[in-house]
2 protein chains.
Amino acid sequence: MSSTRSLQYRVLHDRLKKEIVKGIYKIGDTLPSENDLCAATNLARSTVRHALLQLEKEGYIVKQRGKGSIVAATRRSLGLLSFQGFSASVNGSSVSTLSVQVPKISPWPSPFFFPLSIEEEHAGCISFSRVRKIEADRVMWETTYLPNLNLPRFARTFKVEHSFFEFLAVHHQVEITGMVQEIRAIHADVRTAKHLRIKKGDALLVINRKYSTSRSSLNIYSTLYCNTNKYAMSNSSGTMPS
Amino acid sequence: MSSTRSLQYRVLHDRLKKEIVKGIYKIGDTLPSENDLCAATNLARSTVRHALLQLEKEGYIVKQRGKGSIVAATRRSLGLLSFQGFSASVNGSSVSTLSVQVPKISPWPSPFFFPLSIEEEHAGCISFSRVRKIEADRVMWETTYLPNLNLPRFARTFKVEHSFFEFLAVHHQVEITGMVQEIRAIHADVRTAKHLRIKKGDALLVINRKYSTSRSSLNIYSTLYCNTNKYAMSNSSGTMPS
DNA sequence: CAGTGGTCTAGACCACTTT
DNA sequence: AAGTGGTCTAGACCACTGG
């Protein structure tokens, strides 16, 4: 199924990852110790360690000497610009989502902001659109586009209020593996101004993103219009103290 | 000197890293093979591999089965927003730098856009400012701030036309280890408009950054005003195909 | 073909955390 | 003291690259 033949560390890694994603191990739980895993799988410890190191690199667990391998947030979000960590915790502020357009099938917008493959072009496009709020402020208008490809019943089963990436992981075993984005400052047009409750001409941040996924034919695209008047977009990378 | 005691994989890692940074191994060169390194260091192969895996994770080398460990770009630049790779290659377009303010010692701007430690506050501030051009277009006005701390003769020796991070690495053995940034869209004020040759009120992208370095007391701060009318800012993370 | 890195084993000792 | 992950050894076989 998944490209690689049967590398033993891969098999163990995949098994543990599935168990984490499915919730058999919950955030904060401790995985079986390396020695336990050795005993259970009949693998050498370095092989078990290799599997765990992969999981750690992917952000699924954190290893702590003397304690064990502890399940971390199910999903990393490295390098993504976000409102200080959007869907998750924004300093305890209440975050909410308004549906602007439920998933619908349509042709790709033209011109599109990233070049499309023939396969994608051909498949047609599913798009949906939503507005994100922090407290009472409308801070972001987001439209997501994806090819209508091997995602049966998607348009009917996805609820716009949920996390899209979580939905893909749980229902389609699709994970985000990379992202490229392009950022500009523009003046708001009438339509955008209306969605974000600002004035036409106000300064606005627009981000065009392309996500690659674990399914090589599936890329996901999105456009974000961000009102940064009150909340800035932020991100970090590398190791920052405290 | 460097925190860790004398882990053997660390020692080898540090040695190879220095040799790469100093140019003993140049970009594209192949490092000695794992077996050669084993022989030269009297270490087991897995220990040598551990050292090389660290280097790979940091972006100094790329390992290729059947070929060897190949030296990659001396410096990763993960997650940094840039004009499609600024100082380096912007599609062959000619990039240039104008000096607006040579390094000078002054108090920290107040209010500053990131909280400062007492030590930093105390040390005073060195700042300099420059405008970046692509072809004839002024695309970015950048001001950099750093504490006047353990960098003897910096204000006199640094030339604003050079790469600041390269200067720090070569002359002060300081490396960037992480970054956090905050991004907003604003309307240009008169001063910024003048530097970038745009009209007051034009939409502008402003980025405030804090870099942490390998010297724990030394953080570097910068503010970037970007005219994204013609050139967007972009970056990528994770693994993107092609 | 020889040489490279990738996987894997079966041990060992150490540093740290918890009981 | 018992259990955890971190480091390290000295082997082995495999898959891939190049001459």
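Each chain gets a letter, A, B and so on, in the order its sequence line appears, and its residues count up from 1. These numbers come from a predicted model, not from an experiment.
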Exercise. Using a strict 4.0 Å threshold on nitrogen-to-oxygen distance, state whether Arg130(B) and Glu142(B) make a salt bridge.
Key: yes

Practice problem: Mind calculating the distance between CG (Leu7(B)) and P (dG6(D)) to the nearest angstrom? | Solution: 12 Å

Quiz item: Does Ser46(B) have a side-chain nitrogen or oxygen under 4.0 Å from the phosphate oxygens OP1 or OP2 of dT7(D)?
Solution: no

Practice problem: Return the value, rounded to whole Å, for the distance between atom CD1 of Ile61(A) and atom P of dG5(D). | Solution: 9 Å

Practice problem: Give a yes or no on whether a salt bridge exists between Lys18(B) and Asp14(B), defined as a side-chain N under 4.0 angstrom from a carboxylate O. | Solution: no

Quiz prompt | Lys63(B) side-chain N/O to dT4(C) phosphate OP1/OP2 under 4.0 Å | solution = no

Quiz item: Nearest-Å distance, NZ (Lys67(B)) to P (dG19(D))?
Solution: 10 Å

Practice problem: Take the protein atom OH of Tyr9(A) and the nucleotide atom C1' of dT9(C), then report the distance between them rounded to whole Å. | Solution: 16 Å

Practice problem: Mind running a 4.0 Å heavy-atom check of residues 29-45 of chain B against DNA chain C and sending the residues that fall below it, in number order? | Solution: Ser33(B), Glu34(B), Arg45(B)

Quiz item: Under a 4.0 Å N-O cut-off, is there an ion pair linking Glu34(A) with Arg45(A)?
Solution: yes

Exercise. Check whether any side-chain N or O of Ser69(A) sits under 4.0 Å from OP1 or OP2 of dT4(D), and answer yes or no.
Key: no

Quiz item: Taking only residues two or more places apart in sequence or in another chain, which ones pass ring-ring contact (aromatic ring centres under 6.0 Å, His included) with Phe112(A)?
Solution: Trp108(A), Tyr145(A), Tyr221(A)

Self-check item: Side chain of Gln8(B) (C-beta onward), nearest among dT9(D), dC8(C), dG5(C)
Solution: dT9(D)

Quiz item: What is the distance, rounded to the nearest whole Å, between atom CD of Gln64(B) and atom C1' of dG6(C)?
Solution: 14 Å

Self-check item: Minimum-distance nucleotide (side-chain atoms of His50(A) versus dT7(C), dT9(C), dT7(D))
Solution: dT7(C)

Exercise. Could you verify whether a donor N or O on one side chain and an acceptor N or O on the other, from Thr97(A) and Arg132(A), lie under 3.5 Å apart?
Key: yes

Quiz item: Is the closest basic N to carboxylate O distance between Glu182(A) and Arg184(A) below 4.0 Å?
Solution: yes

Quiz prompt | Rounded distance in Å - CD1 (Ile70(B)) to C1' (dT17(D)) | solution = 11 Å

Practice problem: In whole angstrom, give the distance that lies between atom CZ of Arg65(B) and atom C1' of dG5(C). | Solution: 7 Å

Exercise. Not counting sequence neighbours, which residues clear ring-ring contact (aromatic ring centres under 6.0 Å, His included) with His172(A)? List them please.
Key: Phe167(A)

Exercise. Return the value, rounded to whole Å, for the distance between atom CZ of Arg49(B) and atom C1' of dG11(D).
Key: 15 Å

